[in-house]
Amino acid sequence: MCVLQIDEEVAKLLALKAQIGGDNVKHQFVLKTAKETLTGKYGEDSKLIYDLKDQGGELLSLRYDLTVPFARYLAMNKITNIKRYHIAKVYRRDNPAMTRGRYREFYQCDFDIAGQYDAMIPDAECLKIVHDILSELDLGDFRIKVNDRRILDGMFAVCGVPDDKFRTICSTVDKLDKMPWEDVRKEMVTEKGLSEEAADQIGEYVSLQGGMELAERLLQDQKMCRSKQACAGLSDIKLLFSYLQLFQVTDKVVFDLSLARGLDYYTGIIYEGVLTQAGVAPGSTEAQNGTPAEESVSVGSVAGGGRYDGLVGMFDPKGRKVPCVGVSIGIERIFSILEQKAEASAEKVRTTEVQVMVASAQKNLLEERLRLLTELWNAGIKAEVMYKKNPKLLSQLQHCEESGIPLVAILGEQELKDGVVKLRVVASREEVDVSRAALVDEIRRRTSQA
């Protein structure tokens, strides 16, 4: 469903109310919670939500992400245990940047685990999935940054940040992958009203990166030790890294105290996947020296997620919580990188899964082409013909080159007499006569090698 209707369940409840009469406290609770959850859990990014009204004045919104609809689904259906993935469109009232893979309408792929499980086991699996996806796509070198909202909140507390400024300061820290520390500090002090002393203390912590050893060191830190919240988060980071070692992914995972992620619904572990080769991950250059990465391939993070244990309970009339952890993959951003890599290497991007084009070398062979096409289809071969009675051979071959179809099965009068098919490899222009009976096996052999 493309449109997230904030109070679509409420409409049903109001209809029921009209039938039974009187007020219903639970109905009012659902309406209030649904609106607050959508518009109040994205932090400063709430301004990017598309708000709409239909002809009757009913308040609607285009969905900002797939996480909030998923949480609402769990609450509506009283689901307490599920593991799922979801690919769908989301909408952001953002400034588009085509070269960075940033659009107002785009696809995301989410993977989530909901249920009451022992600490950090499902979280580690989510990070393993991010690692495997980015490795399999061969996008280049990458890092998965990890932090914990409890560590951030504890750090803010011991650094002297007032409680009512935690979320707004967190949103500012989240900009460290796009802005140098000097600009982030200036925003904290001049725009957010934080003291310079507190900002400087935060600066000392957010510059730290490492692994399990950093978590151990911070557990001994005199300031951090004063926050039970931070200590709980640091203990979980240690446990997480022990599981990641078993998954053999710690070479790509870094504990980074500058990672904040601006969405307010996160309650524990948070993570973000960024590319680190030159010109791709702005976090690896901008945050250190203030110089922007190359605009042509700079896309920022390509994956992100975390734990959101309280979100489902905000949709449940009785406030029943379902612990959840998940990750979102930015499909459009990944495509931007793959397309630019293909253009840079002059590699032809294949736009079809068709394995072979059935072509003819002479006129009046449409029936023979369709007969062979049917044989290939029945054998499970992905094949096609041009939708013309007498297409020119050159036009058929050019179509294969443009579409990335690797093979051409050419029929002619002589081939029909000999009971063979001329099989042409589009890339090398190699041609070989193959018996009709052996054609399917030959196509499978050649396409499996490609």
Exercise. In Å and rounded to the nearest 0.5 Å, what is the CD1 to CG distance from Ile87 to Asp110?
Worked result: 9.5 Å
For this session: Grab the two heavy atoms, one from Leu393 and one from Ser360, that are nearest each other, plus how far apart they are.
Result: CD1-O, 3.8 Å
For this session: Determine, step by step, whether Tyr117 and Asn81 satisfy the side-chain hydrogen bond (donor to acceptor under 3.5 Å, both in side chains) criterion, reporting the C-alpha distance in whole Å, the side-chain angles of both residues, the deciding distance to 0.1 Å, and the verdict.
Result: CA-CA 10 Å; Tyr117 302 110; Asn81 187 305; 2.8 Å; yes
Exercise. Given the rule in the side-chain contact (heavy atoms from CB on, under 4.5 Å) test, do Val420 and Val434 qualify, once you have shown the distances and angles that lead to the verdict?
Worked result: CA-CA 5 Å; Val420 299; Val434 181; over 6 Å; no
Problem set entry | Atom OH of Tyr243 with >12 non-hydrogen neighbours under 6.0 angstrom | yes
Exercise. Quick one: are Ile151 and Phe255 in side-chain contact, heavy atoms under 4.5 Å?
Worked result: yes
For this session: First locate atom OG of Ser395, then atom CG of Asn390, and finally report the distance between them rounded to the nearest 0.5 Å.
Result: 12.0 Å
Exercise. Side-chain contact, heavy-atom cut-off 4.5 Å: Ile270 with Leu152?
Worked result: yes
Exercise. For residues Thr172 and Glu187, is any side-chain donor paired with an opposing acceptor at under 3.5 Å?
Worked result: yes
Exercise. Roughly how far, to the nearest 0.5 Å, is CG of Leu338 from CZ of Arg333?
Worked result: 14.5 Å
Exercise. So, the side chain of Ser403 versus the backbone of Ile405: is there a donor-acceptor pair under 3.5 Å, distance only?
Worked result: no
For this session: Enter the distance from Glu368:CD to Gln362:CD here, rounded to the nearest 0.5 Å.
Result: 11.5 Å
For this session: Let me see the working for Val421 and Ile410 under side-chain contact (heavy atoms from CB on, under 4.5 Å), right down to the final yes or no.
Result: CA-CA 6 Å; Val421 175; Ile410 303 174; 5.8 Å; no
Exercise. Side-chain donor-acceptor pair under 3.5 Å between Asp65 and Tyr91, yes or no?
Worked result: no
Problem set entry | Pair Glu384, His399: side-chain N/O donor-acceptor within cut-off below 3.5 Å | yes
Exercise. Shortest non-hydrogen contact from Cys126 to Gly326?
Worked result: SG-CA, 4.1 Å
For this session: Using the side-chain hydrogen bond (donor to acceptor under 3.5 Å, both in side chains) rule, pick out the option among Arg84, His86, Lys83 that qualifies with Asp112.
Result: Arg84
Problem set entry | Lys145 to Tyr271 six-membered ring, cation-pi geometry met (6.0 Å, 45°) | no
Exercise. What do the steps show when you test His131 against Phe142 for ring pair (Phe, Tyr, Trp, His ring centres under 6.0 Å), and what is the final call?
Worked result: CA-CA 9 Å; His131 176 277; Phe142 64 90; 5.7 Å; yes
Exercise. Stepwise, does the side-chain contact (heavy atoms from CB on, under 4.5 Å) test hold for Leu311 with Cys324?
Worked result: CA-CA 8 Å; Leu311 191 56; Cys324 298; over 6 Å; no
Exercise. Under a 4.5 Å cut-off applied to non-hydrogen side-chain atoms, are Met386 and Met357 in contact?
Worked result: yes
Problem set entry | Residues forming a side chain to side chain donor-acceptor pair (under 3.5 Å) with Lys321, sequence neighbours excluded | none
For this session: Give, for atom CG of Asn147 and atom CG of Leu234, the distance between the pair rounded to the nearest 0.5 Å.
Result: 8.5 Å
Problem set entry | Residues, nucleotides or ligands: over 12 heavy atoms within 6.0 Å of Tyr73 OH | no
Problem set entry | Those residues that, when tested against Glu413, pass side chain to side chain donor-acceptor pair (under 3.5 Å) (two or more places apart) | none
For this session: Could you tell me the separation between the OG atom of Ser301 and the CG atom of Leu259, rounded to the nearest 0.5 Å?
Result: 9.0 Å
For this session: Considering non-hydrogen atoms only, spot the tightest contact between Tyr308 and Phe70 and give its length.
Result: OH-CD2, 3.4 Å
For this session: Quick one: list whatever passes side chain to side chain donor-acceptor pair (under 3.5 Å) with Thr267, sequence neighbours left out.
Result: none
For this session: For Glu339 and Ile337, indicate whether the former's side chain and the latter's backbone hold a donor-acceptor pair under 3.5 Å.
Result: no
Problem set entry | Step-by-step side-chain hydrogen bond (donor to acceptor under 3.5 Å, both in side chains) determination, Thr250 to Gln245 | CA-CA 6 Å; Thr250 50; Gln245 286 177 345; 5.4 Å; no
Exercise. Without hydrogens or angle criteria, can the side chains of Asp309 and Tyr266 be said to hold a donor-acceptor pair below 3.5 Å?
Worked result: no
Exercise. Is there side-chain contact between Leu407 and Val425, with heavy atoms separated by less than 4.5 Å?
Worked result: yes
Problem set entry | Heavy-atom side-chain contact between Glu272 and Asp177 under 4.5 Å | yes
Problem set entry | Side-chain heavy atoms of Ile133 within contact of Val327, under 4.5 Å | no
For this session: List the atom of Val173, the atom of Ala260, and the distance in Å for their closest heavy-atom pair.
Result: CG1-CB, 4.0 Å
Exercise. Can a cation-pi geometry be assigned to Arg92 and Tyr64, taking NZ or CZ under 6.0 Å from the six-membered ring centre and within 45° of the ring axis?
Worked result: yes
Problem set entry | Test: Arg445 and Asp441 ion pair at under 4.0 Å | no
Exercise. Are Asp251 and Arg143 close enough, and set up right, to give a salt bridge (Lys or Arg N to Asp or Glu O under 4.0 Å), and what steps lead you there?
Worked result: CA-CA 8 Å; Asp251 60 316; Arg143 289 292 179 271; over 6 Å; no
Problem set entry | Heavy-atom pair of closest approach, residues Val408 and Cys400 | CG2-SG, 3.6 Å
Exercise. Is Asn77 atom CG crowded by more than 12 heavy atoms from other residues, nucleotides or ligands, each under 6.0 Å away?
Worked result: yes
For this session: State whether the side chain of Glu125 and the backbone N or O of Ile121 hold a donor-acceptor pair below 3.5 Å, judged by distance alone.
Result: no
Exercise. Do Asp148 and Arg307 sit within salt-bridge range, that is, some charged N less than 4.0 Å from a carboxylate O?
Worked result: no
For this session: Without swapping roles, check the side chain of Asn378 against the backbone of Thr374 for a donor-acceptor pair under 3.5 Å.
Result: yes
Exercise. Is Gln108 reaching over with its side chain to a backbone N or O of Gly330, donor-acceptor style, under 3.5 angstrom?
Worked result: no
Problem set entry | Non-hydrogen side-chain atoms of Val302 and Val274 separated by less than 4.5 Å | no
Exercise. Which is it for Glu442 and Arg446 under the salt bridge (Lys or Arg N to Asp or Glu O under 4.0 Å) test, yes or no, and what are the steps along the way?
Worked result: CA-CA 6 Å; Glu442 183 65 16; Arg446 289 181 178 268; 2.7 Å; yes
Problem set entry | Electrostatic pair Arg424-Glu430, nearest N-O below 4.0 angstrom | no
For this session: Please answer whether the main-chain N or O of Leu176 pairs with a side-chain N or O of Trp181 as donor and acceptor at a distance below 3.5 Å.
Result: no
For this session: Would you please test Val254 and Val146 for side-chain contact (heavy atoms from CB on, under 4.5 Å) and show each step?
Result: CA-CA 6 Å; Val254 57; Val146 175; over 6 Å; no
Exercise. Salt bridge (Lys or Arg N to Asp or Glu O under 4.0 Å) between Lys128 and Asp132: does it pass, once the steps are laid out?
Worked result: CA-CA 6 Å; Lys128 168 67 172 171; Asp132 288 354; 3.3 Å; yes
Problem set entry | Any side-chain heavy-atom pair of Arg436 and Leu416 under 4.5 Å | yes
For this session: Grab the two heavy atoms, one from Met120 and one from Leu240, that are nearest each other, plus how far apart they are.
Result: SD-CB, 3.8 Å
